[in-house]
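Values below: every heavy atom of this structure, side chains too, minus hydrogens, waters and symmetry copies.
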Amino acid sequence: MCGIVGIVGKSAVNQRLYDALTVLQHRGQDAAGIVTAAESELCVRKGSGLVRDVFQQHHMLELKGDVGIGHVRYPTAGCDRASEAQPFYVNSPYGICLAHNGNLTNATELAEVLTREDLRHLNTGSDSEVLLNVFASELQRIGTPRVTQADVFAALEAVYRRCRGGFAVIAMIIGHGIVGFRDPNGIRPLVVGERDTPQGKEWMLASESVALDSLGFRLVRDIAPGEAVLIDESGRLHAHQCVAGTHHTPCIFEYVYFARPDSKIDNISVYRARMRMGDRLAEKILRERPNHDIDVVVPIPDTSRTSALQLAQRLGLKYREGFTKNRYIGRTFIMPGQQQRQKSVRNKLNAIDLEFRGKNVLLVDDSIVRGTTSAQIIELAREAGARKVYFASAAPPVRYPNVYGIDMPAARELVASGRSDEEVMQLIGADWLVYQDLEDLIAACKHEDSQVAEFDTSCFSGNYVTGDVTPQYLERLQRERSDEAKQRGRDGRGTLKIVHGG
């Protein structure tokens with residue numbers, strides 16, 4: 001999962017791109033990059049680390065121009081080097097930069113065709129570079145001296161025919177403008193906003209609406225599944241539906257965990273969805289344990305707070321902040337490698353024993369993925385004096401790999417895969433465990449004005465909406481993106497294949 005942004009402005013965009021990336025930092029903490037264009041000059045700064053660490057004042061001064069794109073990355077196997085920070089660039093045709101959020105499910109096959117038939121060189125192991133070169137290759141085939149909007153949309157129609165998976169993309173064509181497009185299922189989010197200035201209208205594309213809000217842009221709408229928009233350097237927006245017969249199924253995990261609560265995705269408030277998750281989970285607790293002995297509800301910060309507060313209110317229980325969080329530690333399940341995740345939990349959270357001692361505590365989290373964090377947090381609660389520790393997940397059991405850009409590649413690394421709820425409860429050390437039902441999660445995320453009837457729930461249901469995910473693909477993904485594969489990559493043992501980089 002990554003964060004992407006693009007701005008076509010009437011004045012320098014460097015500071016605004018920086019500010020937008022800091023707002024989207026929750027979507028990726030491994031690397032950051034900005035590319036701007038000043039007439040024909042391309043200005044680039046990217047590297048490993050948080051936005052605040054990658055960009056110093058002298059870098060910002062060098063990022064000239066009124067048009068630019070930015071990216072924050074979170075890594076998977078084979079994508080943890082500074083050279084793989086985005087945006088990526090190719091000089092032919094026209095000069096194209098690209099920032100990508102998602103995962104191409106046919107990236108390996110595309111890479112082979114690009115090398116063999118399109119005669120293009122790939123410099124990294126990122127599927128984002130694959131996608132960039134597919135786009136560049138299709139524009140090259142058209143071959144006009146100066147690209148038109150019709151040329152761009154024709155090339156993107158070919159990109160959609162070739163590329164499969166979940167993706168949201170912002171690309172800059174030097175001297176022409178910015179392009180944004182979204183996969184035919186709308187799995188990964190992308191929004192467009194505008195604002196008026198004395199010099200004229202400015203446009204912005206971003207992964208989440210909160211980035212628009214922070215910079216004073218008005219949310220115009222979500223980019224539709226299979227749709228592309230081109231904002232030319234004169235500030236005109238052109239839209240084209242590149243794929244007919246799309247099936248809108250946004251990723252439900254955006255609402256559970258990834259997106260900020262103050263964002264709207266596909267006209268669904270993330271905050272409201274999480275409130276409804278808390279309501280639904282409380283109702284399940286009342287059904288299964290009407291005579292529960294819970295004394296206090298404690299959220300596991302930060303994502304679960306909204307659901308936990310609503311759950312506590314519905315149950316008529318005290319809500320307490322029982323954990324203090326170190327703000328300088330990254331999101332745990334994003335971290336590459338089980339050993340690093342285990343080490344980071346105690347560095348990240350500290351229990352306030354006053355809220356635990358002698359009490360039956362219900363801990364609420366947004367989800368349970370590998371179970372590492374959950375087990376250590378339960379242990380922290382017991383060490384703080386809790387008499388009993390119950391655990392509630394606002395999401396259903398994560399039993400299946402995610403193939404659309406979230407780091408859940410190997411079923412054997414998912415604590416609920418092949419295990420009953422009782423077995424998971426024992427593994428994480430809880431006195432009782434309650435999961436949200438999938439039907440309730442879907443109902444919590446639906447909204448009558450969103451026009452979203454279905455969601456991608458693949459990590460919960462095993463139903464992959466793109467229809468091209470085979471057991472053989474999942475097996476290969478597990479080999480290439482498991483914790484063992486990441487460790488081999490860091491140790492320099494073995495060769496990692498094309499993998500998710502956005």
Side-chain angles (χ1 to χ4, degrees), residues 1-8 20 24 27 67 69-71 87 97-104 128 131-132 135 149 152-157 159-160 163-173 177-195 201-213 215 217-232 235-251 254-255 258-259 263-270 404-405 447 449-456 465-466 502:
M1 189 65 61
C2 300
I4 57 177
V5 61
I7 299 176
V8 176
L24 296 174
R27 301 186 67 88
V67 181
I69 64 176
H71 185 272
C97 303
L98 180 142
H100 164 225
N101 172 32
N103 183 45
L104 300 184
S128 305
L131 201 160
L132 168 61
F135 182 35
Q149 67 182 66
V152 172
F153 293 142
L156 285 173
E157 288 178 358
V159 170
Y160 277 107
C163 297
R164 300 194 302 270
F167 50 87
V169 176
I170 300 175
M172 179 170 65
I173 305 174
I178 284 179
V179 180
F181 57 99
R182 195 176 177 196
D183 66 81
N185 292 92
I187 298 172
R188 301 270 68 89
L190 189 62
V191 297
V192 60
E194 65 177 5
R195 75 173 186 178
K201 190 182 293 291
E202 296 185 322
W203 294 92
M204 180 174 174
L205 297 167
S207 294
E208 295 184 32
S209 64
V210 66
L212 306 180
D213 299 339
L215 271 69
F217 283 76
R218 297 182 299 275
L219 173 63
V220 175
R221 62 181 177 89
D222 296 85
I223 305 300
E227 182 189 27
V229 298
L230 168 64
I231 305 165
D232 63 35
R236 297 184 297 262
L237 184 142
H238 314 273
H240 179 69
Q241 187 64 39
C242 297
V243 180
T246 58
H247 186 205
H248 194 185
T249 52
C251 175
E254 289 278 357
Y255 303 95
F258 266 107
S263 281
K264 281 188 176 181
I265 297 176
D266 291 310
N267 206 32
I268 298 171
S269 164
V270 176
Y404 301 127
H447 188 274
D449 295 331
S450 70
Q451 300 181 336
V452 175
E454 298 178 48
F455 295 88
D456 167 55
V465 294
T466 54

If you apply the rule side chain to side chain contact (heavy atoms under 4.5 Å, CB included), what do you find for E208 with R27, and how did you get there?
CA-CA 10 Å; E208 295 184 32; R27 301 186 67 88; 2.7 Å; yes
Should V270 and V210 be marked as a side chain to side chain contact (heavy atoms under 4.5 Å, CB included) after you check the CA-CA gap, both sets of side-chain angles, and the distance that decides it?
CA-CA 11 Å; V270 176; V210 66; over 6 Å; no
Please test V159 against F167 for side chain to side chain contact (heavy atoms under 4.5 Å, CB included), starting from the C-alpha separation and ending with a verdict.
CA-CA 12 Å; V159 170; F167 50 87; 5.7 Å; no
One pair to check against side chain to side chain contact (heavy atoms under 4.5 Å, CB included): V152 and H238. What are the steps and the verdict?
CA-CA 11 Å; V152 172; H238 314 273; over 6 Å; no
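In this structure, the side chain of Q241 engages the main chain of G226 through a donor-acceptor pair within 3.5 Å. S209 places a side-chain N or O within 3.5 Å of a backbone atom of K264 that can act as its donor or acceptor partner. Between the side chain of W203 and the main chain of G235, a donor-acceptor pair closer than 3.5 Å is present. When atom types are taken as modelled, the side chain of N185 and the backbone of H247 share a donor-acceptor pair closer than 3.5 angstrom.
Y404 pairs with exactly one of T466, D456, N103 by the side-chain hydrogen bond (donor to acceptor under 3.5 Å, both in side chains) rule, that one being T466.
Between D183 atom CG and I223 atom CD1 the span is 12.5 Å, to the nearest 0.5 Å. We find the CD-CD1 distance between E254 and I265 to be 4.5 Å, quoted to the nearest 0.5 Å. With rounding to the nearest 0.5 angstrom, the SG atom of C97 is 13.0 Å from the NE2 atom of H71. If you take CD1 on I170 and NE2 on H100, they are separated by 11.5 Å, rounding to the nearest 0.5 Å.
I187 and G165 make their closest contact through CD1-O, 4.3 Å (heavy atoms, listed as atom of the first residue, atom of the second, distance).
Between H240 and E157, the side chains place a donor N or O and an acceptor N or O closer than 3.5 Å (distance only, hydrogens not considered). Side-chain contact, H447 with N267: no donor N or O sits under 3.5 Å from an acceptor N or O.
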